[in-house]
Number of protein chains: 2
Amino acid sequence: MAERISDGEHAVMDVLWDESPLTAAEVAERIDPARGWSDRTVKTMLARLLAKGVLAHEEDGRRYLYRPLVARADYAARESRRLIDRLFGGRAAPLVAHLAEQDQLTAEDIAEIEALLKALKP
Amino acid sequence: MAERISDGEHAVMDVLWDESPLTAAEVAERIDPARGWSDRTVKTMLARLLAKGVLAHEEDGRRYLYRPLVARADYAARESRRLIDRLFGGRAAPLVAHLAEQDQLTAEDIAEIEALLKALKP
DNA sequence: GCTTGACGATTACGTATGTAGTCAAATAAG
DNA sequence: CTTATTTGACTACATACGTAATCGTCAAGC
């Protein structure tokens, strides 16, 4: 269940997280054209994701319909944690501090985060 | 310059970010023993990191002294950005929101982040 | 001086990943 | 019915990565 999803595979998951179930052809249509993938490549990704157990497929006549078995939020949580563990000693605050220092936070971000935190307080 | 650093390579960089320059043997000594790496493995990592241009080495007699060419903060910034782009549509606020929702923020984290943001405001 | 050990350089090998191509079966077109 | 097309299954191949082993050389002991 803790299968890693590669960068390429993630592009496929993204499509299915937005809309599912989809056929292989439909997934291929929706993949960011910037990747320039052939539909074969998409098929390969789908097969690998199935093998990893993060997708399921049900038969629909001669084709399959694919749907994610892992929620986007769960995946995001796992990856965020990985990053925080690897780069920030497992603490989230240094990550935010870092984003702030690097000017990667817009004024809007800051306002949004402050509102969020306020809501979290008892 | 935008070379990716793999998970294993990162362990080596971590050592050199803490202390440098170091010889290959010194790096090997300082690698987290939990990895159970042979010194050969460490040498391989050093060679690959050199090839990627993220380390430099200077001769010291018959050995080399290795030092990082990429700052830890720069690397952290790049990886944070990658994560945010991939998982949160490029905006930092949703990442923080996500951490909050997942209860991945301690009260301490929250206080720390609030203080930080306050300092950022004009 | 000859041997042994420390180093860097080169090579190895299995799995993951990016990126497809081929083959066979089923179906749609004619 | 025969042929072209669609679809999944299997195969391919180069590069990256994890994890070393081997080779050659130079220096330090004896």
Side-chain angles (χ1 to χ4, degrees), chain A residues 1-16 20-67 70 75 78-79 82 86, chain B residues 1-16 20-67 70 75 78-79 82 86:
Chain A
M1 353 202 149
E3 293 284 6
R4 305 273 346 253
I5 293 173
S6 79
D7 205 76
E9 288 161 1
H10 183 252
V12 171
M13 292 304 287
D14 246 353
V15 168
L16 286 165
S20 79
L22 293 177
T23 66
E26 287 165 343
V27 172
E29 280 169 23
R30 289 165 174 73
I31 289 284
D32 179 357
R35 290 201 172 248
W37 275 355
S38 89
D39 52 346
R40 309 317 176 91
T41 301
V42 175
K43 298 268 198 85
T44 301
M45 294 296 168
L46 287 170
R48 287 181 181 166
L49 290 165
L50 277 177
K52 288 186 178 182
V54 294
L55 283 188
H57 61 351
E58 70 201 50
E59 286 190 49
D60 172 43
R62 214 158 70 67
R63 314 170 303 176
Y64 285 131
L65 291 178
Y66 297 85
R67 80 174 67 249
V70 176
Y75 177 69
R78 277 216 310 275
E79 290 303 303
R82 257 180 71 80
R86 264 177 40 126
Chain B
M1 356 203 145
E3 293 285 4
R4 305 280 337 262
I5 294 174
S6 78
D7 205 74
E9 287 160 2
H10 183 250
V12 171
M13 293 304 288
D14 248 353
V15 168
L16 287 165
S20 77
L22 294 177
T23 66
E26 287 165 342
V27 173
E29 280 169 24
R30 288 166 174 74
I31 289 285
D32 179 357
R35 290 202 172 250
W37 275 354
S38 90
D39 52 346
R40 311 316 175 91
T41 302
V42 175
K43 298 272 195 83
T44 301
M45 294 296 169
L46 287 169
R48 287 181 181 164
L49 289 166
L50 277 177
K52 288 186 178 182
V54 294
L55 284 188
H57 61 352
E58 71 202 47
E59 286 189 48
D60 171 43
R62 219 157 68 69
R63 313 171 301 174
Y64 286 131
L65 292 178
Y66 297 85
R67 81 174 65 249
V70 176
Y75 177 69
R78 277 217 311 277
E79 290 302 303
R82 256 180 71 81
R86 263 176 40 128

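Just so we're on the same page: letters track the sequence lines, and every chain starts at 1.
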Handout entry: Contact check, side chains of A:Val15 and A:Glu29, non-hydrogen atoms, under 4.5 Å
Key =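 They are not in contact (no side-chain heavy atoms under 4.5 Å apart), so the answer is no.
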Exercise for the section: Answer yes or no: is there a donor N or O on one side and an acceptor on the other, between the side chain of B:Arg30 and the main chain of B:Leu16, under 3.5 Å? Expected result: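 The answer is no, because no donor-acceptor pair under 3.5 Å joins these two groups.
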Practice task
Tell me which of A:Arg40 and B:His57 sits closer to the 5' end of DNA chain C, going by the nucleotide each one is nearest to.
Solution key: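 This one resolves to B:His57.
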Ignoring backbone atoms, establish whether [X] has a side-chain N or O less than 4.0 Å from OP1 or OP2 of [N].
X: A:Lys43; N: C:dC23; answer: no
X: B:Arg63; N: C:dC7; answer: yes
X: B:Trp37; N: D:dA20; answer: no
X: A:Thr44; N: C:dT17; answer: no
X: B:Ser6; N: D:dG18; answer: yes
X: B:Tyr64; N: C:dA9; answer: yes

Practice task
Identify whether any heavy atom of A:Thr41 sits under 4.0 Å from a base atom; if not, whether one sits that close to sugar-phosphate; answer base, sugar-phosphate or nothing.
Solution key: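 Base, at least one base heavy atom under 4.0 Å.
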Exercise for the section: Look at the side chain of A:Arg62 and decide which nucleotide, out of C:dG8, D:dA20, C:dA25, has an atom nearest to it. Expected result: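 For the A:Arg62 side chain, the nearest candidate turns out to be C:dA25.
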Problem - B:Arg35 bridged to B:Asp32 by N-O distance under 4.0 Å - result: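 No salt bridge links B:Arg35 with B:Asp32.
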